[in-house]
Each structure stands twice: as C-alpha cells, then as structure tokens.
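In what follows, a structure is listed as structure tokens, so that the remarks can point back to it.
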There are 2 protein chains.
Amino acid sequence: MYDMTITLKLDSEKCLYEQIYEHIRQEIWEGKLLTGERLPSTRSLAEYLQVARSTVDYAYAQLQSEGYIEARPYKGYFVCPMEELLHLEQEKRGKTTAEYPVQTQSETKDSTPRMAQCIYDFSPHGIDMSAFPFSVWKRITKNVLSDGSNELFTKGEAQGDSELRRTISRYLHSSRGVNCRPEQIIIGAGNDYLLMLLEKILGRHVGTAMENPTYMRTYRIFQSFAYPVTIVPSDDSGMQVTALEKTTAKVAYVMPSHQYPLGTVMPIGRRRELLKWADEEADRYLIEDDYDSEFRYRGKPIPSLQSIDAYGKVIYIGTFSKAIAPAIRVSYMVLPEKLLERYRKDCYFYSCTVSRIDQRILNEFIRDGYFERHLNKMRKIYRAKHDLLLEELAPFEKKFSITGENGGLHILLHARNEKTERELIDQAAARNVRVYGISDSCIEETSDYRGTVLLGFGAMKDAEIKEGIQRLKEAWL
Amino acid sequence: MYDMTITLKLDSEKCLYEQIYEHIRQEIWEGKLLTGERLPSTRSLAEYLQVARSTVDYAYAQLQSEGYIEARPYKGYFVCPMEELLHLEQEKRGKTTAEYPVQTQSETKDSTPRMAQCIYDFSPHGIDMSAFPFSVWKRITKNVLSDGSNELFTKGEAQGDSELRRTISRYLHSSRGVNCRPEQIIIGAGNDYLLMLLEKILGRHVGTAMENPTYMRTYRIFQSFAYPVTIVPSDDSGMQVTALEKTTAKVAYVMPSHQYPLGTVMPIGRRRELLKWADEEADRYLIEDDYDSEFRYRGKPIPSLQSIDAYGKVIYIGTFSKAIAPAIRVSYMVLPEKLLERYRKDCYFYSCTVSRIDQRILNEFIRDGYFERHLNKMRKIYRAKHDLLLEELAPFEKKFSITGENGGLHILLHARNEKTERELIDQAAARNVRVYGISDSCIEETSDYRGTVLLGFGAMKDAEIKEGIQRLKEAWL
C-alpha cells in the first residue's frame with residue numbers, strides 16, 4: 001500500500017476533500033501512483049490525515065467518477081490502468097459511446113492535451129452534490145424501512161404510488177403553477193422511460209418539431225422511435241410558430257422556461273401562439289420539458305407553459321435528477337385528460353418502473369420540506385457560482401458576448417471575432433480547460449453560432465472557476 | 001375510533017395476523033365497520049391485543065392490498081367506501097383496467113357472490129411474502145447508505161452497475177446454466193421496460209410467434225409495439241416448430257422451463273429444433289422468458305434454453321419480482337453478441353432505470369448468499385403448499401385431470417365431464433372460492449381447454465388451501 005502523505009492546508013480556499021482529490025489526481029498524472037496500485041482505505045487515510053472519513057469518501061468518489069481510480073469489491077481502491085484512462089478518453093471523444101452529447105469532442109490533434117487531462121472542466125451537465133443532505137436521506141430511508149410493513153414490498157400502482165403523485169401535484173402547483181390532478185401524473189424511472197411510454201400513448205410515426213440546437217438526447221430518442229423530426233427555426237423568443245405552422249409536425253418539443261442549450265426564456269406571447277397552434281388540430285400536442293427551471297437567479301420565477309394551457313395540449317415532463325441527484329431515477333409526466341384516457345386504454349398493463357420503497361422515501365423527502373430546503377440551498381450555491389463566473393468573465397466583454405445567464409447551470413460565450421468553436425475548444429484544452437461546443441447540441445450544422453461555447457458551472461468549485469477563467473483569458477484574449 | 005376486540009386463538013391453525021385480517025374483513029362485509037370509519041392505529045391495536053406490531057402491520061397490509069382499507073397520510077387507516085369496493089370489483093371484472101389478465105372475470109350474474117367477496121383466492125400470481133428476510137434487507141440498505149459515499153448518488157452505467165451485472169452473471173451461470181459475460185447483461189426496471197428497450201434493438205414491425213394460451217401481458221406489450229403476432233400451435237413439448245416454420249415470424253417468445261399458464265417443460269429435442277429454426281436466418285431470435293424457473297419441486301432443475309444456444313440466438317429475460325418481491329423493480333436481459341452491438345450502436349443513450357442504491361442493495365443480497373438462502377426457503381414453502389394442494393385434490397381425480405404440477409406457483413384442473421370454465425368459476429364463486437379460467441390467458445378462443453381452470457397456491461395458507469378445496473369439492477363433485 002502506498003503511504004500517502006498529503007499536506008492539508010486548513011486555511012486554503014480549497015476544502016479538505018478537494019485538496020485530497022487534487023493531490024491524488026496529480027500523483028496519478030505524474031506517475032507517482034502507478035497503474036494498479038492500491039490506495040489506502042478511506043478509513044485508514046482519514047485516520048492518518050486526521051480528517052472525517054466522509055472527506056476521504058468524497059475525494060475518492062470524485063476520483064472514481066472521473067475514472068482515475070476504481071473500487072474492487074472486498075479489495076479496495078486501485079489506480080486505473082493507463083489503457084483504461086486512454087479508453088475513457090476515447091469514449092469521451094467518440095460519438096458512439098458518449099453518454100451525453102456534450103461529452104463528445106471532435107478530433108483533437110495529438111499535440112493538444114487529451115481531454116481527460118483537462119483539469120478545469122466547465123461541463124454544462126455537472127451538478128454539485130456536496131450540499132446534498134445525505135444524512136436526511138439516510139434517516140428517511142431507515143424510517144421508511146422500519147415503519148413500513150411488507151406492503152412496501154408488494155406491487156404498487158402502475159402510475160406510481162398515489163401518495164407521491166399527490167405530493168408531486170402539490171409541489172408542481174405551488175412551484176410551477178402546474179394544474180393537475182394526481183391522477184394525471186405518471187411516475188417513471190427517468191425521462192427516457194417516460195418518453196418511451198409517451199410513444200405508446202401518442203402512437204407511431206408522429207411528426208415532431210424541435211429547435212436547433214436542442215437537447216440531443218431527446219432527439220436521439222425520437223430517432224429511435226422513428227419519429228420524423230422537423231427542425232423549426234427559433235429566435236430570441238424560442239421556436240417560431242409561423243415556421244412551425246408550415247410543417248406537418250403534430251408534436252412540438254420545447255423547453256419554454258429555459259431552453260437547452262441556449263437558455264432562452266419563452267415570453268408569454270410566444271407561449272400563447274404555441275398553445276393556439278396546438279389547439280388548431282385535435283392531435284397536436286406540446287411536450288414541455290421543464291428540466292431545470294428550479295434554478296432561476298434573477299427576476300420572477302417563470303410559470304410553466306402547462307399553467308396557461310386551457311385546452312389540454314401540454315404534456316409536462318420533469319425530473320428529480322437535476323434537483324436532487326442523478327441516481328434518483330424518478331421523473332414524472334403530467335398527461336392532459338385526453339392522453340390520460342389513451343394511456344388507461346392502451347398502456348395500463350405497463351408496471352411502474354420505480355420501486356415503492358424509493359417512491360416512499362422521495363415522498364417523505366418532499367412532503368416534510370427537505371426538498372424545498374435543499375432547492376433553496378442549491379439555488380443560493382449555484383447563484384453564487386453563476387455570479388462569480390460572470391464577474392470573472394468581465395474582461396472578455398470586448399471579444400465575447402454572453403447569453404443564457406440568470407438561470408440554469410451554464411452560460412454561453414460567443415466570440416465577436418472570427419474565432420471558430422473548434423479553435424476556442426482547442427486553445428482552452430491547450431491550457432487544460434475543457435469547454436463545450438454548441439455544435440454538440442446541434443441536430444444539423446448551423447451558421448448561426450460560429451464561435452460559441454458553453455461554460456457550465458454546476459460542479460465547479462469557486463477556485464476552479466477563477467483559475468479556469470484565468471486560463472481562458474490567456475488562451476483567448 | 002372503533003374499539004376493536006378480537007378474540008385471538010393462540011392454538012389456532014391460523015396465525016395471529018391472519019386471524020386479525022379475517023376478523024376485520026368479516027366486520028367490513030357484515031357492515032359492522034362502516035365506510036370511512038377509522039381503524040385503530042397499528043400501534044394501539046397491537047398493544048390492545050398484546051401482539052407484535054408487525055403482526056397488525058401484516059394484517060393491515062393484506063387488507064389494504066385487497067382494497068378493504070386505505071391508508072391516509074397523517075391520519076391512519078380507513079375503511080374504503082362501498083363505491084370503491086364495487087369499483088375494485090368492477091376493475092377486477094373489466095378487461096380494460098385489470099392489471100393482470102387473470103384478474104379478469106367475465107360477467108357474473110347478480111346472484112353469484114361478487115369476486116371481491118371470494119375469501120379463498122387461488123390466484124396464480126399470488127406470492128408468499130411472509131418468509132421474506134425483511135430484517136436482512138433493511139440491514140443491507142442501512143449498510144449500503146452508510147458505507148457508500150456520495151458516488152452512490154451519481155449517475156451510473158447505462159446497462160446497470162458492473163458489480164451487479166457480474167453477480168447476476170455468476171448467479172445465472174451456476175443456477176440456470178446461462179453463459180454470458182457481464183457485458184451482455186442489461187439491468188432494467190421490470191420486464192416491461194426491457195421489452196420496450198428490446199423493441200428499439202430488434203426494430204419495428206417484427207413478426208412475433210407466441211403460443212396460445214400464453215402470458216397475456218407480453219402479448220399486450222407486443223401489440224402496443226404493433227408487432228404482428230402469429231399464434232403457433234403447441235403440443236405437450238411446447239411450441240411446434242413445424243408450424244413455426246410456416247410462419248413469417250422472426251422472433252418466437254417462449255417459456256421453455258415452465259410455460260405460462262400450461263406449465264409445460266420443453267424437452268431438449270424441441271429446444272434444439274427451436275434453436276435450429278432460429279439459426280436458419282440471420283435475423284431470427286428466441287425470447288426466453290425464464291420467469292419462475294427457480295421453483296421446481298420434482299426432478300432435476302432444467303437448464304435454460306440459453307445454456308445450449310451455440311449460435312447466439314437466445315435473448316434471455318429474468319426477473320427478481322417473483323423470487324424476491326414484486327416491489328423490487330429489477331429485471332435483467334442477456335443479449336446475444338450481435339444484438340449487444342446493436343444496443344451499443346442504437347440505444348446507448350437510454351439511461352439505466354434502476355437507482356444505483358437499489359442495485360447495490362440487491363448486489364449485496366445476492367453476493368452474500370441471502371438470495372440463495374431465501375430461494376431455498378421459498379422452494380421448500382412452495383413445495384409444501386404444492387404437495388398439500390395435490391393431496392387435497394385426490395378426490396377430484398375421477399372428474400378432473402391435473403396438469404402443470406411439480407413447478408411454479410399454480411396447477412391446472414381439467415374437467416373430464418361437460419362442465420365449462422364459466423360453470424366451474426361460477427360454482428366456485430358461489431362458495432366464496434375464486435379460481436381462474438384459462439381463457440384469461442388466451443389470445444384467441446380455443447376449443448382445446450373447455451373446462452380448464454388455474455389454481456394458484458403461492459399466497460395461500462395451508463388452512464386456506466384445505467378449506468378452499470373442501471368448498472370446491474362441494475361445488476364441483
């Protein structure tokens with residue numbers, strides 16, 4: 001075992017777990033920790049460094065999630081073999097295996113540093129788990145399992161447990177203005193599954209309208225449904241309804257509260273136009289993906305499109321993956337009455353995909369106010385990061401414009417000069433900073449966003465934001 | 001609150017929770033407990049009756065799952081309104097809302113007792129949860145949440161956590177002879193979801209062959225895929241391959257270890273024929289639904305069809321819902337290499353539908369031997385029930401033949417005389433016994449099984465089996 005001495009600075013801006021994480025990562029990159037070498041157990045390292053065990057846990061978890069180390073059952077943590085690190089990087093490069101479109105990175109020349117090496121990663125999909133109330137979650141879990149009779153282990157309702165649906169409907173009403181009865185809610189294990197179920201409700205070969213750029217995961221899912229996707233141009237207000245009217249699309253997929261990746265907020269006028277479009281034909285619908293509207297930092301919170309839908313035209317989809325944790329595989333879909341009827345007729349036999357135990361835990365987490373408290377805390381944390389990022393970006397103003405701020409977990413930078421997206425990414429990577437091209441979110445190439453990159457801040461620490469932006473300054477200005 | 005005095009007999013054959021359950025159910029039916037009335041809390045009733053709280057929990061859970069009472073958050077347990085009981089019964093009757101095909105019950109005349117009243121319910125889908133090691137499950141959950149760092153709360157691998165896939169592959173190899181690498185396994189939240197994913201892998205409009213009768217839930221799912229289903233005749237060995245060859249089907253759905261509902265075990269010769277059929281064309285596949293092969297009471301355990309598949313033609317699907325608990329929403333699918341490639345190409349972006357926490361708990365439950373111990377215990381319990389049922393059915397021999405015994409959780413009774421399925425069901429219901437017609441499992445009517453009913457024993461207590469069969473004797477003999 002490697003005898004790991006780390007000099008921890010208590011007065012550092014970096015918290016302890018971060019210092020441990022960075023130390024080990026550095027050792028791996030410098031070859032001081034060798035492939036296959038076993039790391040000290042979290043317990044022994046914590047004792048050795050005189051820190052809480054959870055501090056080491058966090059550091060190891062971070063290293064593991066980034067592919068530097070791996071956990072082997074009964075054995076401990078080991079430094080990943082170099083091949084795997086390379087493999088990891090190839091995965092991040094190749095379109096076929098990247099889980100998120102944004103992890104895709106077009107070819108980098110051999111001279112540019114490998115992406116896996118980029119220490120300052122402005123991923124727009126990163127989220128901050130450090131403030132998650134693990135202990136509350138554990139306590140609720142324990143109580144649910146102790147209180148609960150074996151009824152918990154029996155098969156539940158196909159749409160999800162009615163108590164959780166009631167809780168979600170109350171939450172959606174108060175926070176998002178969504179008007180629905182608990183009966184309209186379907187709980188499912190993730191948005192992907194709910195979209196699969198929606199395909200069974202809407203039927204086959206449904207023409208779908210999407211913006212470009214958009215959320216590519218949904219585009220890929222529509223493709224796997226063989227839904228013909230029409231790209232509808234958008235402007236500052238979002239999808240252009242005049243253009244939508246010229247298509248044969250029956251369903252329009254929109255993110256009115258916070259378009260991904262542009263960050264556009266759809267104004268009320270455009271929303272009304274969209275609803276009017278949908279109302280013109282019986283089988284037209286709008287899918288409202290309200291994926292991160294919880295995080296709004298300036299101005300009034302924006303009610304959902306569903307909240308002003310008088311015609312029963314909006315299929316509202318939301319998730320707890322962003323607001324709680326990606327591992328919480330719980331999403332929900334609110335069906336308009338007409339589609340609910342179809343669901344009950346055609347899809348009643350599909351069992352719920354979330355275990356009752358998990359539903360109960362989540363229900364108590366929301367019902368007892370922990371969710372709201374957590375959201376408030378995260379909003380504050382993310383706002384501080386957002387503000388810091390904008391502050392640090394002030395010197396960029398001459399050469400870049402910024403959009404998509406004031407909400408969500410990323411902003412967009414547009415080069416005012418002739419720099420291309422590729423150049424921006426490569427120049428950043430040369431300084432160990434990873435930024436994300438907008439073209440990763442484009443169904444097809446567009447000339448609208450030549451030199452545009454996304455900077456996510458969700459998972460970044462303050463010091464990382466500062467140092468990352470400093471390096472971008474050197475790279476781009 | 002209702003002051004509930006129940007005279008519990010300690011020397012009764014019925015266990016305490018059963019006596020409480022039956023007492024309350026009786027009170028509700030006799031109108032002594034009125035609609036909307038609040039039941040004592042489990043704690044206070046347990047104190048009052050001087051029994052363990054879990055005993056009352058079990059009784060209430062049973063009443064709740066049968067729709068007699070409902071739990072209201074913060075308030076307690078209440079007697080369901082009569083309308084709901086009627087509704088429940090209608091749901092059980094009507095095809096459109098019944099979750100299981102077997103809950104379907106064709107019209108019963110007003111004179112015959114309502115199904116919800118049937119005290120002796122030989123449901124083929126009932127399982128016995130009384131022996132489930134709740135405390136072990138709770139302990140593992142607690143440990144997983146305490147040990148686990150926040151890595152557990154991050155997004156996991158799309159196919160499911162590799163540790164669980166390794167554990168499942170080892171289990172499948174040793175218990176079912178399944179040959180697969182962990183990479184071939186996809187973990188999903190239930191069979192329905194895995195079939196949905198399989199649709200995306202196999203493609204659209206795939207002609208599918210099924211037996212008649214079969215598992216109707218799968219048939220409905222294929223219908224919702226718009227997969228053209230061809231019924232292929234079967235004999236004592238299962239699906240007839242000579243008939244299958246005459247169809248244009250590309251995929252055959254079979255349950256070789258224990259056909260539902262017939263209980264047929266497919267002999268090796270027929271299995272080979274099936275594999276040969278599949279091998280004749282590149283895009284032919286067999287779906288092996290190995291839903292309850294864990295429960296085999298006589299003879300050698302039957303290895304899976306997948307275990308003799310040399311050509312990579314078998315898609316093997318299994319679940320933990322039967323063997324552990326219906327609430328454990330974890331199923332798995334083993335893909336042949338060729339389909340695995342397609343999955344990786346076309347479906348890599350679908351996230352896993354099971355939370356990492358649940359995957360970890362299940363992994364430890366299996367890895368540490370609890371699953372095997374539980375299976376052995378359940379096999380013993382179910383075998384005892386199975387043997388008792390057959391013993392009690394001895395007097396039926398003259399007028400009925402029995403098939404489908406020695407495995408699974410139900411047997412089939414065939415009337416040797418002219419009695420129809422309808423008559424058998426109605427006569428049983430008139431004596432408060434619920435049996436299930438084979439026609440509930442038939443895609444289309446068939447003259448092969450005129451007077452055939454299913455008798456499930458999984459959820460029945462010994463005394464219930466005895467009394468139920470005694471009543472059937474009065475009804476039918």
Side-chain angles (χ1 to χ4, degrees), chain A residues 42 54 57-58 60-61 64-65 71 73 96-97 99 129-130 132 134 137-138 141-142 145-146 149-156 158 163 166 188-190 192-193 196-197 200 204 217 220-221 224 226 321 325-329 344-358 367, chain B residues 42 54 57-58 60-61 64-65 71 73 96-97 99 129-130 132 134 137-138 141-142 145-146 149-156 158 163 188-190 192-193 196-197 200 204 217 220-221 224-226 321 325-329 344-358 367:
Chain A
T42 54
S54 63
D57 276 340
Y58 279 117
Y60 279 26
Q64 202 185 352
S65 72
T96 48
T97 47
E99 193 171 8
M129 285 296 292
S130 65
F132 183 76
F134 290 106
W137 193 267
K138 285 173 194 173
T141 303
K142 193 167 160 258
L145 285 175
S146 309
S149 57
N150 58 352
E151 168 233 324
L152 259 189
F153 287 88
T154 61
K155 202 180 159 87
E163 277 183 54
R166 258 197 297 273
D192 304 0
Y193 167 74
M196 275 178 160
L197 194 62
K200 305 299 170 216
R204 310 167 78 69
R217 190 190 195 74
R220 293 202 176 96
I221 289 172
S224 84
S321 295
I328 309 302
R329 304 298 303 147
R344 289 194 169 150
K345 197 172 136 285
D346 301 331
C347 300
Y348 64 93
F349 45 82
Y350 284 108
S351 323
C352 187
T353 43
V354 184
S355 92
R356 293 187 79 175
I357 299 163
D358 293 351
R367 190 197 63 194
Chain B
T42 56
S54 62
D57 276 340
Y58 279 116
Y60 278 26
Q64 201 186 352
S65 71
T96 48
T97 47
E99 193 173 7
M129 285 296 292
S130 64
F132 183 75
F134 290 106
W137 194 268
K138 285 174 194 172
T141 303
K142 194 166 159 258
L145 284 176
S146 310
S149 56
N150 59 350
E151 169 233 323
L152 259 188
F153 287 87
T154 61
K155 201 179 158 86
E163 277 183 54
D192 305 1
Y193 167 74
M196 276 177 159
L197 194 61
K200 305 298 170 219
R204 310 167 77 71
R217 190 189 195 75
R220 293 201 176 98
I221 289 172
S224 84
F225 296 170
S321 295
I328 309 302
R329 304 297 303 147
R344 289 194 169 151
K345 197 173 136 284
D346 301 330
C347 300
Y348 65 91
F349 46 81
Y350 284 108
S351 323
C352 186
T353 43
V354 185
S355 93
R356 293 188 79 177
I357 299 163
D358 293 352
R367 190 197 63 193

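What's counted below: heavy atoms across the whole structure, side chains too, no hydrogens, waters or symmetry copies. To find a chain, count down the sequence lines: A is the first, B the second, and so on, and within it residues start at 1. Keep in mind that what you see is a predicted model, and the values were worked out from it rather than measured.
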Examine whether an atom of F132(B) lies under 4.5 Å from a heavy atom of chain A, and if so say whether it belongs to the side chain, the backbone or both; otherwise answer neither.
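Contact with chain A involves the side chain of F132(B) alone.
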
Spacing of K142(B) atom NZ and L145(A) atom CG [to the nearest 0.5 Å]
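Between atom NZ of K142(B) and atom CG of L145(A) there are 11.5 Å.
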
Would you give the length of the straight line joining atom CZ of R204(B) to atom OG of S224(A), rounded to the nearest 0.5 angstrom?
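The distance works out to 8.5 Å.
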
Looking at every heavy atom in both C352(A) and R329(B), which two are closest together, and how far apart are they?
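Taking C352(A) first and R329(B) second, the nearest heavy atoms are O-NE, 2.7 Å.
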
Salt bridge (Lys or Arg N to Asp or Glu O under 4.0 Å) involving D192(B) - partner list, sequence neighbours excluded
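D192(B): salt bridge (Lys or Arg N to Asp or Glu O under 4.0 Å) contacts with R217(B).
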
Identify which part of I221(A) has an atom lying under 4.5 Å from any heavy atom of chain B, answering side chain, backbone, both or neither.
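Both parts, backbone and side chain.
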
Can you name the side-chain contact (heavy atoms from CB on, under 4.5 Å) partners of T42(A), sequence neighbours left out?
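If we apply the side-chain contact (heavy atoms from CB on, under 4.5 Å) test to T42(A), skipping adjacent residues, the hits are R53(A), V56(A), D57(A), Y60(A), Y77(A).
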
